[in-house]
Structures are given as C-alpha cells and as structure tokens.
Amino acid sequence: MIGIVAKLKVQAGKESEFEKVFLNLRENVLANESGCKLYELYRSKDDRQTYVVMERYENDAAVDHHRKTDHFRAAGKQFQSILAGAPEVSLLDSIS
C-alpha cells in the first residue's frame, strides 16, 4: 500500500469554496478509482486555513492513475485560485 499526506493552505475567505471543490473531487475519486482505498480531508483545529488530505492506494499504478484522471486535473485547476501556495505532499510506503 502507498500512503499520501498532503498539507494544503487555503486563502483566507476561500475555505468553503475549497471544501466544495474537494468534496466533489472526493466523490469522483471514490466512485471511479478502485485502487484508492482512502481519500479523506481534515481541517486543522489550530489554523482553520490549513487542511490535510490523507490518501491510501493499492500500489504505485493506482497513484499514477489517480494523477491522470480528468476529475483530479479539473480540481487542480480550480485549486489554483483557492490555495495560498503549493501543497506539501509526502509519499509513504505502508509498513503494516
């Protein structure tokens, strides 16, 4: 299994817009990507403009597939005007 943790900072006042775009993306990911086992969004309790996405995939091929989907690319374009900088993304190998 492959894990991904992405930390995203959202521009002030655009939190609702970000959440709407992400929840639509999440719906498409879970409905269309059988290799994705987890795709969850969390919001920081300390900094309400900071979000963390936790993802889990069967293998590298599933990660590659995710990144090439139309719904992922469309959301990425929408995020450009919402995010306050590039996401911090960590790729992780599952141990257990």
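- Counting only heavy atoms from C-beta outward, the side chains of L8 and T50 never approach each other to under 4.5 Å.
- Residue D70 places its CG atom among 12 or fewer non-hydrogen atoms of other residues, nucleotides or ligands, all under 6.0 Å distant.
- Between E19 and R43, at least one side-chain nitrogen of the basic residue sits less than 4.0 Å from a carboxylate oxygen of the acidic one, meeting the salt-bridge criterion.
- A donor-acceptor pair under 3.5 Å links the side-chain atoms of N28 to the main chain of N24, judged by distance alone.
- Here the side chains of F22 and V53 are in contact, with some heavy-atom distance below 4.5 Å.
- A donor-acceptor contact under 3.5 angstrom links the side chains of E33 and H71, judged on distance only.
- K7 is not listed as a side-chain neighbour of Y51, based on a closest heavy-atom distance of 4.5 Å or more.
- For CD of E27, the number of neighbouring non-hydrogen atoms (other residues, nucleotides, ligands) closer than 6.0 Å is 12 at most.
- M54 is not connected to V10 by any chain of hydrophobic side-chain contacts under 4.5 Å among Ile, Leu, Val, Met, Phe, Trp and Tyr, and they are in different clusters.
- In this structure, the side chains of I4 and L92 stay at 4.5 Å or more apart for every pair of heavy atoms.
- In this structure, R67 contributes its side chain and V63 its backbone to no donor-acceptor pair below 3.5 Å.
- Residues in residues 72-91 take part in these ring-ring contact (aromatic ring centres under 6.0 Å, His included) pairs, two or more places apart or across chains: F18-F79, H66-F72.
- Atoms CG and OG1, on N32 and T69 in that order, are 8.5 Å from each other to the nearest 0.5 Å.
- Summarising the local packing, CZ of R56 is surrounded by 12 or fewer heavy atoms from other residues, nucleotides or ligands at distances under 6.0 Å.
- Checked for salt-bridge contact, R26 and E40 meet the test: a charged N lies under 4.0 Å from a carboxylate O.
- Residues L38 and C36 approach most closely at O-SG, 3.4 Å, considering heavy atoms.
- In terms of hydrophobic clustering, with Ile, Leu, Val, Met, Phe, Trp and Tyr side chains grouped at heavy-atom distances under 4.5 Å, L25 and L30 are assigned to a common cluster.
- Within the 4.5 Å cutoff, the side chain of V52 has heavy atoms near those of the V5 side chain.
- A 4.5 Å side-chain heavy-atom check between K14 and Q49 finds every atom pair outside the cut-off.
- Within the 4.5 Å cutoff, the side chain of D47 has heavy atoms near those of the K9 side chain.
- Of the charged side-chain nitrogens involved, at least one lies within less than 4.0 Å of a carboxylate oxygen, so that E58 and K37 count as a salt-bridged pair.
- Taken from NZ in K77 to CD1 in I82, the straight-line distance is 14.5 Å, to the nearest 0.5 Å.
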